[in-house]
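Reading through the structure tokens given below for one structure.
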Amino acid sequence: MANSKIQEIIEKQVLTVVKAVEDKLDDEIAALDRLDDDDLEVLRERRIQQMKKMAEKRSRWISLGHGEYSEIPSEKDFFSAVKASDRVVCHFYRENWPCKVMDKHLSILAKQHIETHFVKIQAEKSPFLAEKLKIMVLPTLALIKNTKVDDYVVGFDELGGTDDFSTEELEERLAKAQVIFLDGESSVNSSKASKQNRRNVRQSETHDSSDSD
């Protein structure tokens, strides 16, 4: 008896939700039906302008080096890159296995997220920056927004603690920091659409997940 009553309550709740969704859809369909040719032309023109603005942004980003994962040759160039782009992911690295793992993931993400400038700089050749930004463990990613270092990804601790993390895991961490966008026109692919391109870059060799200076 009690189970029957609970089932009845659940069914009523489900029907209420379904009815609310149907009413919302009906309202949206009715709103579209009320649009005349002038309204549709306004919407079309607005969409064209949005696309033009995005195309201009993309062109500017590419001219600044977005879309590629490149090396910054000097500390002076670091400041120039940070000032030029609203969002920068900078990998402080040395020539070791963990940093090479990070390189492979960042190379993939740089192509997928042209809204962000992905760069790397050798920590040992950048003593001023390493000291100023308190870079103690390599690899470290400095996540920079509007010329300010807003967050860090230090080693692999936040990525499972091993070198077999996926590109998607790193992408989600960067998106959480809002230094990249998972969805929208600024990204070449949305997160779901590009899952087939994500891959594990672990090799058969065994290495430590981070390396202290």
Next item on the list: Considering non-hydrogen atoms only, spot the tightest contact between Ala175 and Leu182 and give its length.
Entry: CB-CG, 3.6 Å
Item checked: side chain to side chain donor-acceptor pair (under 3.5 Å) involving Ser80 - partner list, sequence neighbours excluded -> none
Checklist line | Contacts of Ser85 that satisfy side chain to side chain donor-acceptor pair (under 3.5 Å) - sequence neighbours left out | finding: His66
Note to self: Atom CD of residue position Glu158 - does it have more than 12 heavy atoms of other residues, nucleotides or ligands inside 6.0 Å?
What the structure shows: yes
Notebook entry, point to check: Are Phe92 and Phe79 connected in a single hydrophobic cluster, I mean Ile/Leu/Val/Met/Phe/Trp/Tyr linked by side-chain heavy atoms less than 4.5 Å apart?
Noted result: yes
Margin query: Just to verify, what does Ala177 make a side chain to side chain contact (heavy atoms under 4.5 Å, CB included) with, not counting sequence neighbours?
Written below: Leu143, Asp151, Arg173
Checklist line | Exercise: identify the closest heavy-atom pair between Ala81 and Val88 | finding: O-CG2, 4.0 Å
Next item on the list: For residues Phe156 and Met102, report the shortest heavy-atom separation together with the two atoms involved.
Entry: CE2-CE, 3.8 Å
Next item on the list: Using side chain to side chain donor-acceptor pair (under 3.5 Å) as the criterion, list what pairs up with Glu95, not counting sequence neighbours.
Entry: Lys100
Margin query: Checking Arg44 now: which residues fulfil salt bridge (Lys or Arg N to Asp or Glu O under 4.0 Å) with it, not counting sequence neighbours?
Written below: Glu41
Checklist line | Under the salt bridge (Lys or Arg N to Asp or Glu O under 4.0 Å) test, residues paired with Asp150 that sit two or more places apart | finding: Lys145
Item checked: Inter-residue atom distance Phe78.CZ - Cys90.SG, 0.5 Å rounding -> 5.0 Å
Notebook entry, point to check: With respect to His113, which candidate in His117, Lys111, Glu115 satisfies the side-chain hydrogen bond (donor to acceptor under 3.5 Å, both in side chains) definition?
Noted result: Glu115
Margin query: Can you list everything that forms a side chain to side chain contact (heavy atoms under 4.5 Å, CB included) with Ser107? Sequence neighbours excluded, please.
Written below: Tyr69
Note to self: So which atom in Phe118 and which in Leu174 form the shortest heavy-atom distance, rounded to 0.1 Å?
What the structure shows: CE2-CD1, 3.9 Å
Note to self: Thr147: which residues meet the side chain to side chain contact (heavy atoms under 4.5 Å, CB included) condition with it, sequence neighbours left out?
What the structure shows: Val82
Item checked: Ala130 to Ala123 - nearest heavy-atom pair and separation -> CB-O, 4.2 Å
Note to self: I'd like to check the salt bridge (Lys or Arg N to Asp or Glu O under 4.0 Å) partners of Asp77; sequence neighbours left out, ordered by chain and number.
What the structure shows: none
Item checked: Partner residues of Tyr93 under the ring-ring contact (aromatic ring centres under 6.0 Å, His included) criterion, sequence neighbours left out -> His91
Item checked: Side chain to side chain, Leu170 and Leu141, heavy atoms closer than 4.5 Å -> yes
Margin query: By the salt bridge (charged side-chain N to carboxylate O under 4.0 Å, His left out) test, which pairs, at least two apart or in different chains, include something from residues 125-143?
Written below: none
Next item on the list: Identify the two heavy atoms, one from Ile114 and one from Arg58, that lie closest to each other, and give their separation to 0.1 Å.
Entry: CD1-NH1, 3.3 Å
Checklist line | side chain to side chain contact (heavy atoms under 4.5 Å, CB included) against Lys52, all qualifying residues, sequence neighbours excluded | finding: Ile48, Gln49
